[in-house]
Structure formats: structure tokens, C-alpha cells
Amino acid sequence: MMKALKTLAGAALALSLASGGVQAQQVLFWSTQARPVEETQKMRDDVLKGFDGPVDYQVAEDGPWLTRLQAELQAGSGTIGLLGGLHGDFSTVGANLVDLSGVDVGGVKVNEAYKKLGMLGSSEQKYLPWMQATYLMAANKQALQYLPAGVDLNTITYDQLIEWSKNIAEKTGSPKFGFPAGPKGLKHRFFEGFLYPSYTGSMVTKFRSPEAETAWNKFKELWQYTNPNSTNYAFMQEPLLSGEVWVAFDHVARLADAFNKKPDEFVAFPAPAGPAGRGFMPVVAGVAIPKTSPDIDKAKALVAYMLKPETQIATLKATNFFPVVDVKLPDDMPASVKAFGPAIATMTGAPDALPALLPMGLGDLGGKFNQVYTDSFERIVLGGEDVHGVLAEQATALKAIIDQAKAPCWAPDKPSDGACPVE
């Protein structure tokens, strides 16, 4: 009898420990987003603290993120509970993602266009949108006195930006346009999503077109009035705050500090327009669950939590990425949010707006794709090489990458059967 009681007690203890272990098990949130140390910490301390259960928020560059995910998928089991990434991050692994159509988001209205993107061309909800951002222009108010006559910041063109930057340089004695051309700057996104679409209506297909040559020559004009320290800049908020730069382009998250620290000194405005339209790159991040997730129900609960209005607001405060659900922002939002919101709305709603999606379908070749645009910039603008010759060579490299990935075209290029052509 005593032996039986001891056996039952041992079983009960084991069950108790097991259930306690399950309750304490962390959800590994494996993400390519909020990588700067401050943002990562805010995600852990401020955004995820309200979830019912521990979350281990870990970030990685695109390549390692995908490598680990693919290794777990190939093994048939893994530790990643939830994925956070951009639209393009998910495009090559869609077949291995759990359908999120049935996730209960509690009546929250999620952006329909972004939800459709999250289906990745299938009949299932492969990811749900999590947050959105883009890139904008920012200016010190001191620069406004040098605007060419009749120029409206909300409808500015590349020609007007060049003229404005020239005026500032000539009147102040030094070039004050700033560009994130440093090793960790997001310069490639400007060329992919802003300059190319604005002049060619394309990102890939018309890479070496006459219109593309015009675009590079225009940027060379602008570079004459660009602060030479731009080749060291990663985040434009710092040179804006120091006064080295008066007009700049960057991701909203990399401009925010300037607006938050000196809200009365800066204005935000849309990216310029070119002959083909006002090219801009919407950055849509989503959350997805790999089929190897160790606790799919818990991961789905975390998905629903990330879309709660209060979580979306906390995410905005932590990362400067804007909500993807209908939510009324509180009055105590940072100055950067108040400045960026109207500028983003103006840009995305402009009659000449031309959205260019982040590159997709490239898998672990995304870095090489970006490098083509970076190399073109370095050779044409910094090295002074012939535009036509450089684009001919770089187009060959671009085509090889696209063909290897078998990546079909994405906006603003027209859909293609098979690999996106480089004409």
C-alpha cells in the first residue's frame, strides 16, 4: 500500500513538474526586425511584457534568420515558435508556414491590402501583417528659406530637390544634403524603391534602360551638393541633430531621434517624384508560424497579441513602425510619430504615388541583389565611371541573381512567368 502511494505521489509530482515546465516554456520569436539594440530591448521590455507567458525575442540578419529556419524545417522539428520578418522574408518559405486564417484577432480591423499580401498568392493566410513603415525626407527648418520659388514640399520633384540643395550649398558655403551612404546605411533601398521607380517605373526590368541612365545622372547632380561625410552615415538622425545636414532621406526609424529630441527644428515630407511617378517603398512586416513550431496554439496566441491595438501602439513607440490595424493613436505619442504620420499619408495617397515592394522571391540571394545597386552607386557616383558601361555590366550580375533564384517580378515591375527579365 505504502509503495503504491509513493508511486502515485511520484507520478503526481512528475505531472506537476511537467505542467509547470510547459507553462514556463518560452515562445522563441525569431525576427529580422527591430535589430538595433535599443529597439530589441524595447520589444522585450515594453511590447511583449503583457503577453500571457514568456517570450524570447531574438533578432538576426536576413541570411542567418533564413538559414536557421530552413535547418529546422529540413529536420522536421525545431525551437522557433514565431517568425517576424518582411514580406520578402516569407516569400520563399510560404509552403512551410501555418495557415493563420483562423486566428482570432478579437474584432480588430487589419489592413486588407496587407492581409492579401500575406497570402503570398495562395488560398491561405501565410502571415499576418504586424507593422508597417517606409522612408521619408526630413529637413531642418533653416533650409526652408532656400526652397526654389513655388516649390511645395508635399509635391517636390527630384529636379526641385537638386535645385534646393544647390541653393543651400551656395548660400551657406557647404553642401548640406545628407544621404545614408555608409556601410550600414540603407542606400540600396533608395535606389531600388525610390530613384529607379521614379524614373523608370521599374526596379528590375529597366535596370539598364535609358531612363535608368537619366536617373543615375540626376543622382550624380544631387551628389555635388551632398555632405561628403555621407559615405560614413548609417542613421541620418545624428547628422541632422548635429547640423551637419539640413535635408536628408532615410527610413523613418532612422530619422525619429532627431524629431523626438528637437521637434520644433525639423519637418518631414514625401520622397520626390520623377518622370514615372513618386516612387516609394512601403515596408510591410508580418508574423508567421513555421510548421515546426513546438507549440502552435501558443504561437497563435502571440500572433493575436501582436495585433491588439495596445500592442500595436507599444510597437510604434518601440520601433517607429506604424500600426497595421485601425487604432486611434493617443495624444502622448512621440513627436516623430506626429510628424511622420501626415507625411506618410500624403506620400502614399499622392496621385502620382508609385509603390515598389521590397525585393521578394530571392531567398538567401537578397544580399547579392542589394549589392548590385550599391556597387552601381559606388562605381557611378563615387568612382565616376561611365553610367552606360556600368549598368550594362551590373545588369548581367542582376540577371544572374534573378535567374538563379527563379524570382518572378514584383511591383512596380509587371508580373512575369518565371524569372523577372532584365531587359
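- Under a 3.5 Å cut-off, the side chain of Thr292 and the backbone N or O of Gly76 do not form any donor-acceptor pair.
- Listed by chain and residue number, nothing satisfies the side chain to side chain donor-acceptor pair (under 3.5 Å) test with Tyr135 (two or more places apart in sequence, or in another chain).
- Partners of Asn154 under the side-chain contact (heavy atoms from CB on, under 4.5 Å) rule, at least two apart in sequence or in another chain, are Asp152, Pro270, Thr346.
- With Asp257 contributing its side chain and Gln237 its backbone, the two residues share no donor-acceptor pair below 3.5 Å.
- Nearest heavy atom pair, residue Gly363 against residue Leu66, reads C-CD2, 3.7 Å.
- Taking the side chain to side chain donor-acceptor pair (under 3.5 Å) definition, one finds that Glu39 meets it with nothing, sequence neighbours left out.
- Residues Cys420 and Pro408 are not in side-chain contact: their nearest non-hydrogen atoms beyond the backbone lie 4.5 Å or more apart.
- For the pair Ser230 (side chain) and Asn227 (backbone), a donor-acceptor distance under 3.5 Å is present.
- Annotation: side chain to side chain donor-acceptor pair (under 3.5 Å) contacts involving residues 80-89, sequence neighbours excluded, comprise Thr32-Asp89, His87-Tyr127.
- Residue pairs meeting the side chain to side chain donor-acceptor pair (under 3.5 Å) criterion with at least one partner in residues 316-330, sequence neighbours excluded, are Asn320-Ser336.
- Across all their heavy atoms, Phe194 and Gly279 have their closest contact at CD2-O, 3.2 Å.
- Side-chain contact between Glu244 and Asn229: present, with at least one pair of heavy atoms (C-beta onward) separated by less than 4.5 Å.
- Every pair passing salt bridge (charged side-chain N to carboxylate O under 4.0 Å, His left out) that includes a residue from residues 395-419 is listed here, sequence neighbours excluded: Lys399-Asp403.
- Rounding to the nearest 0.5 Å gives a distance of 4.0 Å between CD of Gln33 and CG of Leu86.
- For Tyr196 and Tyr158, the gap between ring centers reaches or exceeds 6.0 Å.
- Evaluation of the side chain to side chain donor-acceptor pair (under 3.5 Å) test over residues 347-370, restricted to residues two or more places apart or in two chains, returns Arg189-Asn370, Arg278-Asp352.
- Within 6.0 Å of atom NZ in Lys261, 12 or fewer heavy atoms from other residues, nucleotides or ligands are found, so the atom counts as exposed in its surroundings.
- The side-chain heavy atoms of Met333 and Ile313, taken from C-beta on, include a pair separated by under 4.5 Å.
- Remark: the Tyr57 side chain and the Ser31 side chain contain an N/O donor-acceptor pair separated by less than 3.5 Å.
- Residues passing the side chain to side chain donor-acceptor pair (under 3.5 Å) test with Arg44, sequence neighbours excluded: none.
- Pairs of residues two or more places apart, or lying in two chains, that qualify as ring pair (Phe, Tyr, Trp, His ring centres under 6.0 Å) and include a residue from residues 334-372 are Phe259-Phe340, Phe369-Tyr373, Phe369-Trp410.
- For Phe177 and Trp164, the distance between ring centers is not under 6.0 angstrom.
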side-chain contact (heavy atoms from CB on, under 4.5 Å) evaluation trace for Glu393 with Val390: CA-CA 5 Å; Glu393 288 183 28; Val390 170; 5.9 Å; no
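- Between the side chain of Ser416 and the backbone N or O of Cys409 there is at least one donor-acceptor pair closer than 3.5 Å.
- Checked against the 6.0 Å centroid threshold, Phe190 and Phe249 count as a close aromatic pair.
- Taking 4.5 Å as the limit, some side-chain heavy atom of Leu329 sits within range of a side-chain heavy atom of Leu316.
- The distance from the CD1 atom of Ile156 to the CE atom of Met137 is 6.5 Å, given to the nearest 0.5 Å.
- Side chain of Asn140 to backbone of Ala143: no donor-acceptor contact under 3.5 angstrom is found.
- Remark: Glu213 engages His388 in a side chain to side chain donor-acceptor pair (under 3.5 Å) (not counting sequence neighbours).
- Nearest heavy atoms, Glu192 versus Pro197: O-CD, 3.2 Å.
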Kindly indicate, with the supporting measurements, whether the criterion side-chain contact (heavy atoms from CB on, under 4.5 Å) is fulfilled by Val387 and Leu391. CA-CA 6 Å; Val387 177; Leu391 292 187; 4.0 Å; yes
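- Side-chain contact between Thr214 and Asn217: absent, with no pair of heavy atoms (C-beta onward) separated by less than 4.5 Å.
- A salt bridge links Arg379 with Glu385: the closest approach of a Lys/Arg side-chain nitrogen to an acidic carboxylate oxygen falls below 4.0 angstrom.
- Taking each heavy atom of Lys206 and Ala212 in turn, the nearest pair found is O-CB, 3.5 Å.
- Between the side chain of Thr311 and the backbone N or O of Leu307, no donor-acceptor pair lies under 3.5 Å.
- Within a 6.0 Å sphere centred on CG of Asp332, heavy atoms belonging to other residues, nucleotides or ligands number more than 12.
- Note that CG of Leu128 and CG of Leu100 are 5.0 Å apart. Values are rounded to the nearest 0.5 Å.
- Rounding to the nearest 0.5 Å places NZ of Lys42 at 13.0 Å from NZ of Lys49.
- When side chains are defined from C-beta on, Pro180 does not count as touching Phe235, because their heavy atoms never get closer than 4.5 Å.
- Ionic pairing of Arg68 and Glu72 is present here: one or more N-O contacts between side-chain nitrogen and carboxylate oxygen are shorter than 4.0 angstrom.
- The main-chain N or O of Val324 is never found under 3.5 Å from a side-chain atom of Gln132 such that the two would form a donor-acceptor pair.
- With 3.5 Å as the limit, one finds no donor-acceptor pair spanning the side chains of Ser122 and Glu124.
- Trp223 has its ring centre less than 6.0 Å from the ring centre of Phe377.
- Ser293 contributes a side-chain N or O that, together with a main-chain N or O of Gly81, makes up a donor-acceptor pair within less than 3.5 Å.
- The CG atom of Leu195 sits 15.0 Å away from atom NZ of Lys187, with the distance rounded to the nearest 0.5 Å.
- Taking the side chain as every heavy atom from C-beta outward, Val283 and Val252 never approach each other to under 4.5 Å.
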Is there a side-chain contact (heavy atoms from CB on, under 4.5 Å) between Phe322 and Val337 once you walk through the steps? CA-CA 8 Å; Phe322 285 72; Val337 172; 3.9 Å; yes
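- With hydrogens and angles disregarded, a donor-acceptor distance shorter than 3.5 Å links the side chain of Thr205 to the backbone of Pro421.
- Evaluation of the side chain to side chain donor-acceptor pair (under 3.5 Å) test over residues 96-109, restricted to residues two or more places apart or in two chains, returns Asp99-Ser101.
- Across Tyr114 and Pro282, no two heavy atoms sit closer than the pair OH-CB, 4.4 Å.
- Distance CE/Met43 to CD/Gln41: 11.5 Å, rounded to 0.5 Å.
- Using a 4.5 Å heavy-atom threshold, the side chains of Phe321 and His251 count as touching.
- When the side-chain contact (heavy atoms from CB on, under 4.5 Å) test is applied to Ala395, the partners found at least two apart in sequence or on another chain are Phe207, Arg208, Val422.
- A donor-acceptor pair is defined here as one N or O able to donate and one able to accept, closer than 3.5 Å; such a pair exists between the side chain of Gln125 and the backbone of Lys115.
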